[in-house]
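Remember, it's a predicted structure, so these values are computed and weren't measured experimentally. Just so it is clear, the values below take in all heavy atoms, side chains as well, and ignore hydrogens, waters and symmetry mates. We're numbering straight along the sequence, starting at 1.
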Amino acid sequence: MRRAPLIPALLLACASAVSAARFAGADEIPSKESFGALSDPDPAVRERAAIALGAGGSAAIEPLVVSLGDSDAFVAGAAIASLARIGEKSVPALVTALGAPSAAVRAGAAIALTKIGAPSRPASPALVRALSDEDAYVRWCVANALGAAGGAPTPVLTALRESLHDADEDVRRGAALALERLDPAAWRRAPSWDATVSTIETLVPLLMKEQHVPGVSIALVRGRRVAWSRSWGVADAATKAPVTDATLFEAASMTKPVFAATVLKLAEEGRLDLDVAIPDAGTLPSQPERLRITPRMVLSHTSGLPNWRKGGEERDGPLPVVAEPGSRFGYSGEAMFALQRLVERAAGEPIETYARRTLFVPLGMEGTSYVWTPDLDARLATGHRENGTRLERARYRHANAAYTLVTTASDYARFLAALLDPAGAAPHGLSAASVTAMLKHQVRADARDPIERPGRAKGREVYWGLGWGLNTTADGDVVYHSGANRTGFRSYCQFSPEWGTGIVILTNGLGGGELWTRLIAAVGDL
């Protein structure tokens with residue numbers, strides 16, 4: 001029950017305490033009523049008391065610290081604001097509060113230190129310790145507090161860089177923002193190659209264990225050439241066969257950029273026009289809008305088709321146009337599958353045959369294939385669930401341009417290297433003009449968030465080119481694509497045309513999505 005008659009008296013007492021404190025000096029002890037009001041059953045009374053005690057000086061600090069753990073968030077917020085108002089004199093008590101049993105008190109202390117800003121710098125050693133707090137919200141508040149304190153002592157920078165590996169996305173972003181603020185010059189420099197490799201080698205085994213991912217294979221591109229590769233774990237949890245550089249993983253949706261290169265290769269040969277509507281082959285809907293869908297729309301995901309039709313594409317059931325073709329971004333595997341039919345007619349042969357002859361073999365991607373064959377079976381990894389248990393292996397007997405590619409990390413990295421250096425890949429890769437067209441912004445993908453990366457590779461907006469996602473950054477676009485098949489595979493790749501670097505990450509576990517997310521959040525742009 002609200003005790004309305006008591007509120008005016010308490011507010012008057014608080015106001016009197018504020019006036020007295022202002023008159024007599026910052027350390028004047030506020031009235032007993034002001035302190036007592038912090039325990040009132042009515043949260044509105046407690047909130048107003050916490051606000052009033054912001055003028056109470058040193059004597060008000062300890063009661064306000066206690067109020068950081070108040071069950072009412074507005075009361076805790078008022079206590080935080082008052083402690084920040086008291087300022088530097090609050091810092092010792094807030095340092096102690098960082099070790100309080102209550103996570104709410106610890107978080108409140110970090111927020112108050114953030115608001116205090118530079119005068120809170122003596123709290124930095126305690127904040128560094130608090131970056132390992134068991135509560136993710138506390139760690140996030142602490143990262144922000146370190147950024148607000150300013151200065152860039154080595155222990156602070158080291159601790160924040162370690163927090164770029166944190167399991168929580170907000171903590172990683174908080175650490176990145178703090179580092180950007182504390183050491184902007186270093187934040188814009190290219191990362192050390194040796195440090196990047198060391199981070200990968202250290203972090204991958206930890207993330208594999210944490211996310212129950214049995215096997216991982218990674219390849220790096222540097223100087224527009226494949227420069228490094230390594231594999232970890234097992235290809236199959238049952239057989240314990242080790243992952244090697246020759247192990248084939250499902251690329252999942254990373255099939256799409258390879259298919260886009262195939263389409264552009266045909267366009268170079270004059271056998272396909274990106275801006276002529278796909279003719280009816282019985283694979284597109286009967287709606288009139290289908291007659292306006294072009295290969296360019298398909299590759300930029302503006303076809304208006306859904307990602308997948310109800311019942312799957314295998315039965316060739318009804319496939320509606322769900323948006324005006326060319327009007328907006330809408331990711332669609334179905335559109336890729338429809339375009340595949342046109343590509344095979346234009347090429348006069350199956351997509352696997354054409355791609356192998358014109359791209360895979362010439363670029364040294366001899367293990368890469370759209371379809372399963374007995375010869376490849378012994379090299380195939382098996383997918384696994386989130387808990388690391390084995391899933392039934394998929395054997396794709398029919399090519400699908402959206403998801404059936406199997407490849408090695410090194411093979412796919414050779415594909416990236418050919419895009420980064422079209423002159424060096426000629427005549428087997430795409431021409432420089434085709435690569436430029438492929439990486440041109442076609443549509444803004446407002447529904448997509450930038451991939452989480454630190455430093456100069458921090459994403460801003462997301463666009464889509466022809467087959468690729470494009471994250472704008474302060475230093476140019478980072479080109480990327482991910483993959484996720486229900487058969488137990490997660491994959492990711494990115495490259496920078498500006499810097500000539502790239503990375504391919506292939507995993508055989510459903511936890512691999514979190515693995516690559518955390519790894520890229522740590523290493524950024526290479």
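Within the 4.5 Å cutoff, the side chain of Tyr412 has heavy atoms near those of the Leu405 side chain. Inter-residue side-chain proximity for Thr473 and Arg456 is flagged as unmet; no heavy-atom pair is nearer than 4.5 Å. Put simply, the side chain of Asn508 does not reach to within 4.5 Å of the side chain of Thr247, judged on heavy atoms. A heavy-atom distance below 4.5 Å is not found between the side chains of Val221 and Phe495. Taking the side chain as every heavy atom from C-beta outward, Leu519 and Ile200 approach each other to under 4.5 Å. Using a 4.5 Å heavy-atom cutoff, the side chains of Gln494 and Asn471 are not in contact. Residues Tyr492 and Ile218 form no side-chain contact, since every pair of their non-hydrogen atoms from C-beta on lies 4.5 Å or further apart. Contact of the His441 side chain with the Thr472 side chain is registered, since non-hydrogen atoms from C-beta on lie closer than 4.5 Å.
Ser163 contributes no side-chain N or O that, together with a main-chain N or O of Asp166, makes up a donor-acceptor pair within less than 3.5 Å. Judged by distance alone, with hydrogens and angles left aside, the side-chain atoms of Lys256 form no donor-acceptor pair with the main-chain N or O of Gly467 at under 3.5 Å. No side-chain donor-acceptor contact under 3.5 Å links Arg181 to the backbone of Gly150. A donor-acceptor pair under 3.5 Å is formed between the side chain of Arg224 and the backbone N or O of Pro497. Here the side chain of Thr507 pairs a donor or acceptor atom with the backbone of Arg490 at under 3.5 angstrom.
Arg188 and Asp475 are joined by a salt bridge, as a carboxylate oxygen and a charged side-chain nitrogen come within less than 4.0 angstrom of each other. Using a 4.0 Å cut-off between a side-chain N of Lys or Arg and a carboxylate O of Asp or Glu, Asp72 and Arg46 do not qualify as a salt bridge. Electrostatic pairing of Arg173 and Asp170 does not count as a salt bridge here, judged by no charged N lying under 4.0 Å from a carboxylate O. Checked for salt-bridge contact, Arg139 and Asp168 miss the test: no charged N lies under 4.0 Å from a carboxylate O. Between Asp135 and Arg106 there is no salt bridge, since no side-chain nitrogen of the basic residue lies less than 4.0 Å from a carboxylate oxygen of the acidic one.
Taking the six-membered ring for Trp and thresholds of 30 and 60 degrees, Phe249 and Phe489 have ring planes more than 60 degrees apart, a perpendicular arrangement. Relative orientation of the Tyr331 and His481 rings is tilted, given thresholds of 30° and 60° on the angle between their planes. Aromatic ring pairs are classed by plane angle as parallel below 30°, tilted from 30° to 60° and perpendicular above 60°; the pair Phe329 and Trp464 is tilted.
Here NZ of Lys458 is found 4.5 Å from CD of Glu180. Values are rounded to the nearest 0.5 Å. Atoms CE and CG, from Met438 and Leu466 in turn, are 7.0 Å apart once rounded to the nearest 0.5 Å. Going from atom OG1 of Thr501 over to atom CZ of Arg222 covers 10.0 Å, rounded to the nearest 0.5 Å. If you take CZ on Arg328 and CZ on Arg444, they are separated by 16.0 Å, rounding to the nearest 0.5 Å. Atom OG of Ser229 sits about 3.5 Å away from atom CG of Asp245, to the nearest 0.5 Å. Distance check, rounded to the nearest 0.5 Å: CG of Leu64 to OG of Ser82 gives 5.5 Å.
Enclosure of atom CD in Glu88 is not indicated, since only 12 or fewer non-hydrogen atoms of other residues, nucleotides or ligands lie within 6.0 angstrom. Heavy atoms of other residues, nucleotides or ligands lying less than 6.0 angstrom from CZ of Arg486 number 12 at most.
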task = Would you please test Trp232 and Leu207 for side chain to side chain contact (heavy atoms under 4.5 Å, CB included) and show each step?
result = CA-CA 11 Å; Trp232 296 260; Leu207 291 174; over 6 Å; no

inquiry  = Please determine whether side chain to side chain contact (heavy atoms under 4.5 Å, CB included) holds for the pair Leu203 and Val523, giving the CA-CA distance in whole Å, both sets of side-chain angles, and the decisive distance to 0.1 Å.
reply    = CA-CA 10 Å; Leu203 197 54; Val523 302; over 6 Å; no

task = Could you please spell out the steps behind the side-chain hydrogen bond (donor to acceptor under 3.5 Å, both in side chains) verdict for Tyr463 and Glu461?
result = CA-CA 7 Å; Tyr463 292 85; Glu461 301 87 18; 4.9 Å; no

inquiry  = Applying side chain to side chain contact (heavy atoms under 4.5 Å, CB included) to Ile520 and Tyr480, what does each step give before you reach the verdict?
reply    = CA-CA 11 Å; Ile520 293 299; Tyr480 74 98; over 6 Å; no

request  = Take Ser496 and Asp525 through the side-chain hydrogen bond (donor to acceptor under 3.5 Å, both in side chains) test and state the conclusion after the steps.
outcome  = CA-CA 8 Å; Ser496 166; Asp525 67 345; over 6 Å; no

query = Could you walk me through whether Leu68 and Ile80 pass the side chain to side chain contact (heavy atoms under 4.5 Å, CB included) check?
reply = CA-CA 7 Å; Leu68 294 176; Ile80 289 169; 3.4 Å; yes

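Asp183 meets the salt bridge (charged side-chain N to carboxylate O under 4.0 Å, His left out) test with Arg161; sequence neighbours excluded. Among residues two or more places apart in sequence or in another chain, the side-chain contact (heavy atoms from CB on, under 4.5 Å) test is passed with Ser90 by Ile61, Leu83, Ile86, Leu94, Ile116.
Nearest heavy-atom pair across His384 and Gly388 is CD2-O, 3.5 Å. Of all heavy-atom pairs between Arg390 and Arg385, the closest is O-NH1, 2.7 Å. Annotation for Thr199 and Ala522: closest pair CG2-CB, 4.2 Å, computed over non-hydrogen atoms. The heavy-atom pair separating Pro191 from Thr196 by the smallest distance is CB-OG1, 3.9 Å. Taking each heavy atom of Ala78 and Ala50 in turn, the nearest pair found is CB-CB, 3.8 Å. Between Ser67 and Ala79 the shortest heavy-atom distance is CB-CB, 3.8 Å.
Between the side chains of Thr382 and Arg393, a donor-acceptor pair is found at a separation under 3.5 Å. Under the 3.5 Å distance criterion, with hydrogens and angles disregarded, no donor-acceptor pair is assigned to the side chains of Ser192 and Asp194. Side chain to side chain, Thr114 and Asn144 fail the donor-acceptor criterion of an N or O pair below 3.5 Å.
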